[in-house]
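We name chains A, B, ... by the order of the sequence lines, and we start the count at 1 in each one.
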Number of protein chains: 2
Amino acid sequence: MRISDVIEEFIKDLFDDGSDAIEIQRNELAEHFNCVPSQINYVISTRFKPSQGYYVESRRGGGGHITIKKVNNDKEDYIMHIIKNIGNELTSNEVDILISDFLSYNIIDTKEAKLLKVATSDNVLKLSKDLKDKVRARIFKNMLLNI
Amino acid sequence: MRISDVIEEFIKDLFDDGSDAIEIQRNELAEHFNCVPSQINYVISTRFKPSQGYYVESRRGGGGHITIKKVNNDKEDYIMHIIKNIGNELTSNEVDILISDFLSYNIIDTKEAKLLKVATSDNVLKLSKDLKDKVRARIFKNMLLNI
DNA sequence: TATCTTAAAAGTCAGAGAAAGTCAAAAAAA
DNA sequence: TTTTTTTGACTTTCTCTGACTTTTAAGATA
């Protein structure tokens with residue numbers, strides 16, 4: 001088995017505790033596997049690409065490290081599913097319920113929640129009942145698509 | 001964890017009582033962390049830059065000290081100023097200009113820009129001309145208040 | 001009082017050290 | 001042969017250190 005595969009597996013195992021971000025030190029890892037440090041870069045660039053669901057950050061210098069984050073597209077799938085299930089109209093109450101669901105599932109952060117809420121609130125729209133819920137549905141769905 | 005990060009955190013914790021300016025003594029702090037005094041300068045110059053929302057002043061000589069102020073009210077002031085200058089109506093064109101100004105002054109990030117844009121776009125609002133620009137102004141201003 | 005002196009701060013800057021990144025050539029595998 | 005993996009020399013970025021400089025307050029002296 002090639003060393004790259006072993007390192008790949010080792011890194012993936014670090015996620016086993018359920019965390020969605022892990023941190024490694026390039027030189028330390030290279031020493032552990034008895035390979036040159038740049039081998040770690042190779043593994044990362046071939047096996048932890050965004051298209052494979054990972055996002056990588058790093059810092060050089062003393063105490064430097066490499067952070068690998070798992071990005072899941074569960075989020076996008078969930079949002080698309082919700083959007084499809086919102087009809088042509090949406091009440092302020094329904095918005096509140098959706099937003100609180102999104103927050104508890106960590107689909108959006110509190111800032112996005114505030115923006116969604118304010119952009120679709122009765123006070124801001126100030127429209128007749130029949131127009132209001134239609135406009136609200138359109139704004140809400142389109143904003144969601146951009147989150 | 002690197003010593004610079006520890007010192008950074010220590011200083012930031014000093015703001016926890018809500019004050020927007022804190023005062024430290026360079027030598028004292030260096031002694032506390034068992035590092036050379038210039039390390040404090042390093043931390044300040046890399047972690048407390050104006051671009052990071054801090055403003056630093058100091059005095060030498062007996063009883064000298066370093067004062068760190070939290071600023072970044074610039075952003076809020078600017079936003080408030082803009083909001084006050086937006087009337088009751090706002091065209092799609094005006095939105096585009098404002099958003100591109102905000103972006104170039106780093107008042108908002110690209111995600112916020114997209115949300116502002118989509119929530120106020122003609123296609124989404126789909127209202128008669130007289131209503132549209134009024135609703136757009138309200139949505140835009142209220143969203144800005146929450147950025 | 002006015003000035004001079006000294007000590008107590010903070011500031012600067014360049015060099016050393018500690019990481020990670022790059023890239024192309026060699027080697028191995030498909 | 002073509003593609004993937006491995007290697008290592010060189011680069012870049014970030015952190016830490018210490019010698020030296022500058023500024024200022026406070027005390028000493030005329």
Side-chain angles (χ1 to χ4, degrees), chain A residues 1-15 17 19-71, chain B residues 1-15 19-72 106 109:
Chain A
M1 198 184 200
R2 46 170 95 81
I3 187 70
S4 286
D5 293 337
V6 178
I7 296 171
E8 174 189 2
E9 208 168 305
F10 178 88
I11 294 175
K12 286 186 171 161
D13 284 349
L14 296 178
F15 285 100
D17 61 0
S19 52
D20 48 26
I22 59 103
E23 205 173 281
I24 58 175
Q25 293 217 276
R26 193 182 75 147
N27 290 346
E28 191 184 81
L29 203 56
E31 194 156 3
H32 183 256
F33 289 108
N34 220 42
C35 63
V36 294
S38 57
Q39 178 93 46
I40 308 299
N41 297 81
Y42 177 71
V43 172
I44 286 172
S45 63
T46 56
R47 275 101 161 152
F48 293 88
K49 288 185 282 215
S51 61
Q52 290 154 320
Y54 294 91
Y55 175 64
V56 180
E57 282 176 334
S58 68
R59 272 189 91 153
R60 308 186 185 188
H65 55 83
I66 299 172
T67 305
I68 303 178
K69 291 178 184 163
K70 229 184 203 157
V71 291
Chain B
M1 200 185 196
R2 43 171 96 82
I3 187 71
S4 288
D5 292 339
V6 177
I7 296 171
E8 174 189 3
E9 209 168 303
F10 178 87
I11 294 176
K12 286 186 171 161
D13 283 349
L14 295 178
F15 285 100
S19 51
D20 49 25
I22 59 102
E23 206 173 281
I24 57 174
Q25 293 218 277
R26 193 182 76 146
N27 291 345
E28 190 184 82
L29 202 57
E31 194 155 2
H32 183 256
F33 288 109
N34 219 42
C35 64
V36 295
S38 57
Q39 178 93 45
I40 308 299
N41 297 81
Y42 176 71
V43 172
I44 287 173
S45 64
T46 55
R47 274 101 161 149
F48 293 88
K49 290 185 280 217
S51 62
Q52 290 155 320
Y54 295 91
Y55 175 64
V56 180
E57 282 176 334
S58 68
R59 285 195 81 139
R60 309 185 186 189
H65 55 84
I66 299 172
T67 305
I68 303 178
K69 291 179 185 164
K70 235 184 199 155
V71 281
N72 239 9
N106 287 315
D109 61 36

Undergrad: Rounded to the nearest Å, what distance is computed from the CD atom of residue B:Glu23 to the C1' atom of nucleotide C:dA10?
TA: 13 Å
Undergrad: To the nearest 0.5 Å, what is the distance between CD1 (B:Ile3) and CG (B:Asn34)?
TA: 8.0 Å
Undergrad: Can you find a side chain N or O atom of A:Tyr42 that sits less than 4.0 Å from OP1 or OP2 on D:dT6?
TA: no
Undergrad: Return the residues of residues 28-38 of chain A meeting this criterion: a heavy atom under 4.0 Å from some atom of DNA chain C. Order them by number, or give none.
TA: A:Ser38
Undergrad: Counting just side-chain N and O atoms, does B:Asn27 come under 4.0 Å of either OP1 or OP2 of C:dA8?
TA: no
Undergrad: Report, as a single string ordered 5' to 3', how protein heavy atoms within less than 4.0 Å touch nucleotides 21-28 of chain D: B base, S sugar-phosphate only, - not at all.
TA: -BBBS---
Undergrad: Report the nucleotide, chosen from D:dC16, C:dG21, D:dT5, that has the shortest atom-to-atom distance to any side-chain atom of A:Ser58.
TA: C:dG21
Undergrad: Any base atoms under 4.0 Å from A:Asn41, or only sugar-phosphate, or nothing? Heavy atoms, all strands.
TA: base
Undergrad: If I take atom CD in residue B:Gln25 and atom C1' in nucleotide C:dA9, what distance separates them, rounded to the nearest angstrom?
TA: 8 Å
Undergrad: Does B:Glu31 have more than 12 heavy atoms from other residues, nucleotides or ligands lying within 6.0 Å of its CD?
TA: no
Undergrad: NZ/A:Lys70 to CG/A:Leu14 distance, rounded to the nearest 0.5 angstrom?
TA: 10.5 Å
Undergrad: Just how far is it from atom CD1 of B:Ile68 to atom CD of B:Glu23, taken to the nearest 0.5 Å?
TA: 10.5 Å
Undergrad: Rounded to whole Å, how long is the line connecting atom NE2 of A:His65 with atom C1' of D:dT15?
TA: 13 Å
Undergrad: Has A:Lys12 got more than 12 heavy atoms of other residues, nucleotides or ligands less than 6.0 Å from its NZ?
TA: yes
Undergrad: D:dC16 P sits how many Å from B:Glu8 CD, rounded?
TA: 11 Å
Undergrad: Would you kindly give the CD1-to-C1' distance between A:Ile44 and D:dT5, to the nearest whole Å?
TA: 16 Å
Undergrad: Which whole-number value in Å describes the distance from A:Phe48 CZ to C:dA20 P?
TA: 16 Å
Undergrad: Quick one: does any side-chain atom of B:Arg2 pair with a main-chain N or O of A:Gly62 as donor and acceptor, under 3.5 Å?
TA: yes
Undergrad: Students often get this wrong, so: under 4.0 angstrom with heavy atoms, is B:Ile40 touching a base, only sugar-phosphate, or nothing?
TA: nothing
Undergrad: What verdict does the side-chain contact (heavy atoms from CB on, under 4.5 Å) test give for B:Arg47 and B:Ile7, after you've listed the backbone C-alpha separation in whole Å, the side-chain angles of each residue and the deciding distance to 0.1 Å?
TA: CA-CA 10 Å; B:Arg47 274 101 161 149; B:Ile7 296 171; over 6 Å; no
Undergrad: Does a distance-only test, which skips hydrogens and angles, find a donor-acceptor pair under 3.5 Å between the side chain of A:Arg26 and the base of C:dA19?
TA: no
Undergrad: A:Asp5 has an atom CG; how far is it from atom C1' of C:dA30, in whole Å?
TA: 14 Å
Undergrad: Tell me whether the count of non-hydrogen atoms from other residues, nucleotides or ligands lying under 6.0 Å of CG in A:Asp13 goes above 12.
TA: yes
Undergrad: Ring-plane angle category for A:Phe48 and A:Tyr54, please: parallel below 30°, perpendicular beyond 60°, tilted otherwise.
TA: perpendicular
Undergrad: Using a cut-off of strictly less than 4.0 Å, decide whether A:Arg2 has a side-chain nitrogen or oxygen near OP1 or OP2 of D:dT3.
TA: no
Undergrad: Nearest whole angstrom, please: distance from the C1' of D:dC16 to the CE of B:Met1.
TA: 16 Å
Undergrad: Reckon A:Gln39 has a side-chain N or O less than 4.0 Å from the OP1 or OP2 of D:dT7?
TA: yes
Undergrad: Does the plane of the ring in B:Phe33 sit parallel, tilted or perpendicular to the ring in B:Phe10? Use 30° and 60° as the thresholds.
TA: perpendicular
